[in-house]
Amino acid sequence: MQEIVVNGLLIVVIIMSAVLYIIGQRPNSGMTRKQKIMLIRIFVSTLMLLALQSLPVEAFDRVDEFLFPTAGRWLRLVCYMINYLIIGYDILKKAIRGIVNGQVFDENFLMAVATVGALALAVYENGEYLEAIAVMLFYQIGEWFQSYAVGKSRRNISDLMDIRPDYANIEQNGKLERVDPDEVEIGSVIVVQPGEKVPIDGIVLEGTSSLNTSALTGESLPRDVSAGDEIISGCINMTGVLKIQTTKEFGESTVSKILDLVENASSRKSKSEDFISKFARIYTPAVCISALALAILPPLVRILAMGVSADWEIWIYRALTFLVISCPCALVISIPLSFFAGIGGASNAGVLVKGSNYLETLSQTKIVVFDKTGTLTQGVFEVNGIHHNEMENEKLIEYAALVESSSSHPISKSLQRAYGKELDRSRVKDIEEISGNGVTAKVDGIEIAAGNDKLMRRLGIPYIDCHSVGTIIHMAIDGEYAGHIVISDVVKPTSKQAVAELKKAGIKSTVMLTGDAKKVADQVGAELGVNKIYSELLPADKVQKVEELLSEKHDREKLAFVGDGINDAPVLRRADIGIAMGAMGSDAAIEAADVVLMDDDPMKISKAIKISRKCLSIVYQNIVFAIGVKLVCLVLGALGIANMWLAIFADVGVMILAVLNAIRALFVKNL
């Protein structure tokens, strides 16, 4: 029965390796040359092993008749040794190199000792070589799967690395000249043609186009840009020619910062990874000593204390089985791979996590604190209403825009956007800006006043209070009240749903911190469903408020702060986990944060938390599964109940299952 199962397994391996090799020949398979060579080795070794197993021992015995009495035995050994070296020579090399370098106790050493020992026993007993070669064969299959899984995760991150631009186009004497992006200074004008990557952050001067931002944000829909729009590096220009005035040097641009974050992510290890590293350093020498004791002590006890035969072969076989079972590959490989896959999956979804330690902390988040402006709102003021006016809305907006035309204040800009036409400043005379009040001027000879209630009182003009939330611009024409314009920050379309999704994800409390007036903050907070609202805060007050929230929570609960501005950097640093808006967020905020959302969409916060929890769930599954199976099999191996075949499952089988489980961290689309 065992022979049928083994032969069936070998046939499956032959078919699998052949199919995988054929798939690997495709240009987009992502399989490396080394992986393809390993598949050939697996195929050849398995085919040879199946052929040798099909030959009866008597076939080799017949050689004795033609040569010398033990020739068949040695020929059989040579055939199996060739097979063993085809599949395992690199493991032997690594084990020898480890011994030479003083790094003895690793999985290569364990596999080398176990398989060479099993071969030695087979030679001594003229027994079966199958077990030793099968252990090495299935171990190499497990290593191949692990290598391919890591490669797949790396390719996910490498896709992100493809955003690195190789050149920038500068127009000189009517011709485009390619230069190194590092050589382009701030304020230079670069040209980006269809199909090219935007090399440096800037503002569009001329042209309209659609941009592919999927590498940065994970968003498949293109983004349309035209003159005046800000544009970040790393996007791919899809349609029109764009002229862009650079606002940053290449080293400080978005693409450079993203690549730096990704490249350094693997250096920041989580507590789980540190535990596994320390565990392996203690565990591997311990099991080697235990295996040695299992090989020596029971035979000595049998001889000295019991007066019976030592049965060295039995106990050495058990010790070798014990070594194969004890190999910590599943833990050492699958845990870092799970985090690596989690970071790769997150980056593919437009969420950059700076290290696996932050991924682990993010999974424990129970309190999410938001900055308001630029995080939950767009940070762009718009005209939301015109009240109590007797003239047409367009005419009132026209007067307001003309009066405010000389100001660069965001409120003035919003009025000019609402007007939507080119302003003729020659129509405006006698502009007087009254600090803290507003502006007065003459437009086409008509006296216009635009400002707050203080300006109306200053001019002695009766006005009507507005109950809407926002900035109120009262208007007076020739000394008569003409109504007021309501200007307010616009809530992001997904903010309300983002808060709801966080609550669904098990977040206990959502908090909003803002420097805005209480009335504005309360309305926005109530609209979005935020649990707690703190308004009229200075940057230092925000830090203090986060300190208070940190002191009130339980030790195992983590607090995340989400912000985008320069004044948010101290709070991002102080929180357990800092999340920054990456597309339009300030450099200081992105630098201070642990997680960066590349498209400024607050919906990505809950997605990031779900990704981290899925990743940590996979890590814990692998730890419990690997250690549980190992302990059971180690006991069975020591008692002689488990043979090499169970050892193969305990080592290679567990490793393959753990690696396949770890790959699941890459798939995050449906979270």
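Given the structure is predicted, the values throughout are model-derived calculations rather than measurements. Values reported hereafter were calculated over all heavy atoms of this structure, with side chains retained and with hydrogens, waters and symmetry mates removed.
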Looking only at heavy atoms, the pair that brings A310 and I303 closest together is CB-CD1, 3.3 Å
- Can you check whether L50 reaches I14 side chain to side chain, under 4.5 Å on heavy atoms? yes
(message) When you compare the side chain of N237 with that of L211, does any pair of heavy atoms fall below 4.5 Å?
(response) yes
Heavy-atom side-chain proximity of L597 to V351 below 4.5 angstrom: yes
In terms of heavy-atom contacts, A319 and A291 come closest through CB-O, 3.2 Å
- Query: Under 3.5 Å, side chain of K558 to main-chain N/O of E360, donor-acceptor pair present?
  - Reply: no
Would you list the atom pairs, donor with acceptor, under 3.5 Å between side chains in residues 40-48 and any protein atom, with sequence neighbours excluded?
from	atom 1	to	atom 2	distance (Å)
R41	NE	I86	O	2.8
R41	NH2	I86	O	3.2
R41	NH2	I87	O	3.0
R41	NH2	D90	OD1	2.8
S45	OG	N83	OD1	2.7
T46	OG1	I42	O	2.5

Smallest heavy-atom separation, S338 atom then A662 atom, equals OG-CB, 3.2 Å
Exercise for the section: Mind running side-chain contact (heavy atoms from CB on, under 4.5 Å) on M38 and K34 for me, showing each step along the way? Expected result: CA-CA 6 Å; M38 176 52 75; K34 188 176 179 182; 5.9 Å; no
Is the side chain of K366 donor-acceptor paired with the backbone N or O of R556 at a distance under 3.5 Å, no angle test? no
- prompt: With a 4.5 Å limit on heavy-atom distance, are the side chains of L119 and M81 in contact?
  reply: yes
Here the pair of heavy atoms bringing G342 nearest to C615 is CA-SG, 4.2 Å
**OP:** Ignoring hydrogens and angles, tell me if any N or O in the side chain of K607 forms a donor-acceptor pair with the backbone of G350 under 3.5 Å.
**Re:** no
Value for CG (L294) from CD1 (I289), rounded to nearest 0.5 Å, stands at 13.5 Å
Given L49 and Y80, is the side-chain contact (heavy atoms from CB on, under 4.5 Å) satisfied, shown in steps?
-> CA-CA 8 Å; L49 188 59; Y80 275 103; 3.8 Å; yes
When rounded to the nearest 0.5 Å, the distance separating CD1 of I316 from CD1 of I296 is 8.5 Å
Can any side-chain N or O of W144 pair as donor or acceptor with the backbone N or O of Q35 at less than 3.5 Å?
-> yes
Does either side chain, that of D601 or that of T494, offer a donor lying less than 3.5 Å from an acceptor on the other one?
yes
Between the CD1 atom in I507 and the CD1 atom in I609, the distance rounded to the nearest 0.5 Å is 4.0 Å
Output for pair (L362 CG, R613 CZ), nearest 0.5 Å, gives 8.0 Å
To the nearest 0.5 Å, atom CD1 of I91 lies from atom CD of Q140 at 4.0 Å
For W315 and R302 the tightest heavy-atom approach is NE1-CD, 3.7 Å
Dump the intermediate steps for side-chain contact (heavy atoms from CB on, under 4.5 Å) on T365 and D576, then the final yes or no. CA-CA 9 Å; T365 300; D576 292 320; over 6 Å; no
A346 and V353 have their tightest heavy-atom pair at CB-CG2, 4.2 Å
Applying side chain to side chain donor-acceptor pair (under 3.5 Å) to E557 and not counting sequence neighbours gives K508
Exercise: do Q621 and S617 side chains pair donor with acceptor under 3.5 Å:
yes
Exercise for review: For the pair L639 and V635, evaluate side-chain contact (heavy atoms from CB on, under 4.5 Å) and give the outcome as yes or no after the intermediate values.
Suggested key: CA-CA 6 Å; L639 295 174; V635 172; 3.9 Å; yes
Distance col, row I611:CD1 vs L359:CG, nearest 0.5 angstrom, shows 8.5 Å
